[in-house]
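Structure first, commentary second.
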Amino acid sequence: MPDEDGPGPIEDYALIGDQRGSALVRRTGSIDWLCLPRFDADADLARLLGTAEHGFWQLAPVHLAGASAAPVPVRRYVDDTLVHEIEWVTKTGVARVTDFMVPGIEAPQVVRIVTGVQGDVPMRSLLRTRPEYGLVVPRLDRADGRHAAIDVPAAGGRLWAQATAPLQTHDELGDIHAAFTITEGETVAFSLAWREGIDIPAPQPAPDALLKHTLDHWREWVNRCTYTGDDRADVLRSLLTLSALIYAPTGAIVAAPTTSLPEEIGGDRNWDYRYGWLRDGAFSATALARCGYPDEALAWTDWVIRSCAGTPGRRRIMYRVDGGTDLREQILPHLPGYEGSAPVRIGNGAADQLQLDVYGELSDSLIEFALGVGPDAVPGIAAVIVDLATELELLWAEPDMGIWEVRGPRRHFTHSKVMAWVTFDRAVQVIERGWATGPLERWTALRETIHAEVCEKGYDPERNTFTQSYGSRELDASLLHAMLAGFLPADDKRVIGTIEAVQRELGTASGLLLRYRTEGEHVGVDGLSGDEGHFLICTGWLAEALVLIGRVDEAQAVLATLRSLRNDVGLLTEEYDPAAGRQLGNFPQAFSALAEILAAVAIGTASAGGEHTTATAEPAGAAP
């Protein structure tokens, strides 16, 4: 029954989620990735990183099941929600499969509803759970013809499969089947719910009530959006993606819901992104706040405060969604990887890196939140900024691993030093505003010291551009982000020169940007061999940077190029391979979604006669 043994192209998937866990649904009707009860839990369906033997759940017409090339006339999200539909057209009739996860209820679960649209369509469901990332064939307990329990002992609970059609189990294979014919006007519903412990199945409300609850949840969320541009539908889809990556119990925001989708097919640049990076969260929370979601931004801020309180001294750059710090990187040798891209990793060794830029990105977002919220929240936010500056004062002069988390030697990355400047600039601002107390004169002087050092050591006067690191001639797309931080006035020749140099030297015929130049078989600046696709947040930064220097029409064209890379349901992955026309990397990616949002907001603001948003109207401490 499985449609081909392995996974499909990354762009063939759609995301469903409940702001706790997530699943990826392939256009063939197969769920090939599922993590319950939360994003960073062991996957129970892992064909995405292996084969059908590592777990999947296919629900499709009988004669199309197993035919991955069969046409699928309709695949879409219902309105502006995370409810996904596939409509199957067969010789005997039309059937619709509606997939969703239910937010805000006790038992995290996936619900799949089959509706007869026209005629009669024979359908089949095959659920093959494989807990612990496809490693375990679970023991099945059949409660009756409508329930089956799936033991997940390592996670301390059970999955409960339930259906309104008779279920059959194959105990040796750990498979749960259902075969039925759907007729016009009828529905058959399935669910897979997580329950802690092993006693009883989850309560099963009527499927139509669960669907209504889920649609209402997302529609109410969308109604809070304040973005009003002509491209509102595009922005809403990216905002919904960010919302789906929020872990609602704590406010954490994950970088992506997957692990080890490769940056190069067959390569080893495969990382686990199912955690809360402080940097990625700051960017995501900023995008949400600018579009009418300050509550989500403040919930994320509270998560940062709680998580970092458990790690005194130098804070980590990422945490688990519950604030935990155990992110030990491991390799799963039993999984062959997406299209043979091994190793498959869980955990992330970058968690222990020194990345100085994180301090600036946090400070920049936090002061923006403080400017936009009520006075009661300001002192707490300002205190965090002062804490960040206090901590960074002992670290800023050190080399670090930078925004791209290189696995090679530490360097004095120019972007990191600019973000160090941002940290002290924002700390000075909150002290001057009377929001907090701190060593104003010392930090003002330190801000000027860092500024002068960056302009001397991180700038190439012959080429009129800042460089990737001190003394280097290489460029890095993160310099675009540095130019957006208010470090220099927008009309400074060094800002304009850097934006033009990055666009010229890292741009490609596709209209996209590379992060930096890789070295193929040779180990590059990042300590890794191999190449990668075009990292999409960089193209978003280019659009914002072009707005900054007044080239709004050009920025609109860049944003259009970025949007053209979305799949048919509006999702962006981490990277893109123009030669192969394929999406690469973990999917969907918060970086890419927020890049599209922030570029659209910047263009819309400029088109309406406003200024590009930075925390400093005039770059404080900028040397002439």
Side-chain angles (χ1 to χ4, degrees), residues 15 17-20 22 39 80-82 103-104 217-229 231-257 273 275-305 307 321 358 361-374 377 380-381 384 481 484 536-537 540-541 543-544 559 562 570-572 588-605 612-615:
L15 173 72
D18 62 358
Q19 296 188 315
R20 287 175 292 185
S22 60
F39 296 107
D80 295 318
T81 74
L82 283 172
H217 172 89
W218 293 116
R219 286 168 175 161
E220 290 169 7
W221 192 87
V222 162
N223 285 339
R224 292 165 50 202
C225 178
T226 57
Y227 184 82
T228 58
D231 54 352
R232 189 172 190 268
D234 295 326
V235 171
L236 277 174
R237 178 49 54 195
S238 290
L239 285 167
L240 281 162
T241 301
L242 290 186
S243 180
L245 300 181
I246 295 172
Y247 183 66
T250 65
I253 305 175
V254 299
Y273 279 13
Y275 308 113
W277 269 256
L278 300 186
R279 172 195 305 108
D280 301 44
F283 291 165
S284 296
T286 297
L288 289 163
R290 290 184 186 176
C291 292
Y293 298 97
D295 291 346
E296 283 78 355
L298 290 177
W300 172 81
T301 301
D302 289 342
W303 171 79
V304 170
I305 293 171
S307 299
V321 294
V358 170
E361 288 139 359
L362 275 173
S363 299
D364 192 37
S365 293
L366 290 171
I367 196 170
E368 183 172 329
F369 302 159
L371 291 167
V373 300
I381 294 174
V384 176
H481 179 253
L484 293 168
L536 297 183
I537 193 175
W541 283 338
E544 281 196 88
L559 177 57
L562 178 61
L571 303 181
L572 286 167
Q589 175 73 222
F591 260 3
S592 302
L594 67 88
E596 191 256 348
I597 295 165
L598 292 176
V601 170
I603 291 168
T605 302
H612 190 278
T613 301
T614 62

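To the nearest 0.5 angstrom, L82 atom CG is 7.0 Å from T241 atom OG1. Remark: F369 CZ to R290 CZ distance equals 9.0 Å, nearest 0.5 Å. The CG atom of L278 sits 6.5 Å away from the CH2 atom of W300 when rounded to the nearest 0.5 Å. The line from CG of L559 to CD1 of I597 is 11.0 Å long, rounded to the nearest 0.5 Å. One distance of note links CG of L288 with CD1 of I253; it measures 5.5 Å at 0.5 Å rounding. Separation of atoms CD1 (I305) and CG (L366) is listed at 7.5 Å; rounding is to 0.5 Å.
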Stepwise side chain to side chain contact (heavy atoms under 4.5 Å, CB included) test for E544 and H481: CA-CA 9 Å; E544 281 196 88; H481 179 253; over 6 Å; no
Pair W303-Y247, ring-ring contact (aromatic ring centres under 6.0 Å, His included): steps then yes or no: CA-CA 10 Å; W303 171 79; Y247 183 66; 9.7 Å; no
Derivation of the side chain to side chain contact (heavy atoms under 4.5 Å, CB included) call for I381 and L298: CA-CA 9 Å; I381 294 174; L298 290 177; 3.9 Å; yes
Side chain to side chain contact (heavy atoms under 4.5 Å, CB included) between W218 and L240, intermediate numbers included: CA-CA 8 Å; W218 293 116; L240 281 162; 3.7 Å; yes
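No side-chain donor-acceptor contact under 3.5 Å links S22 to the backbone of D18. Of the possible polar contacts, none joining the S238 side chain to the E596 backbone as a donor-acceptor pair under 3.5 Å is found. Proximity of a side-chain donor or acceptor of S592 to a complementary backbone N or O of L572 within less than 3.5 Å is not detected. Panel note: side chain R232, backbone T226; no donor-acceptor pair is recorded below 3.5 Å. Counting only distance, with no hydrogens or angles, the side chain of R224 and the backbone of C291 share no donor-acceptor pair below 3.5 Å.
Residues L536 and L562 form a side-chain contact, since some pair of their non-hydrogen atoms from C-beta on lies under 4.5 Å apart. No side-chain heavy atom of R219 sits less than 4.5 Å from a side-chain heavy atom of D80. Residues Y227 and V601 form a side-chain contact, since some pair of their non-hydrogen atoms from C-beta on lies under 4.5 Å apart. Contact check for E368 versus D364: no side-chain heavy atoms found under the 4.5 Å cut-off. Counting heavy atoms from C-beta on, the side chains of L571 and L15 come closer than 4.5 Å. Residues L239 and V235 form a side-chain contact, since some pair of their non-hydrogen atoms from C-beta on lies under 4.5 Å apart. A 4.5 Å side-chain heavy-atom check between S284 and L245 finds every atom pair outside the cut-off. No side-chain heavy atom of T81 sits under 4.5 Å from any side-chain heavy atom of V222.
In this structure, Q589 and A255 approach most closely via the heavy-atom pair OE1-O, 3.4 Å.
In this model, a donor atom of one side chain and an acceptor atom of the other lie less than 3.5 Å apart for S243 and Q19.
Using the six-membered ring where Trp is involved, W221 and Y293 have ring planes that are parallel, under 30° apart on the 30 and 60° scheme. Aromatic ring orientation, Y273 versus W277: perpendicular (interplanar angle above 60°, classes split at 30° and 60°).
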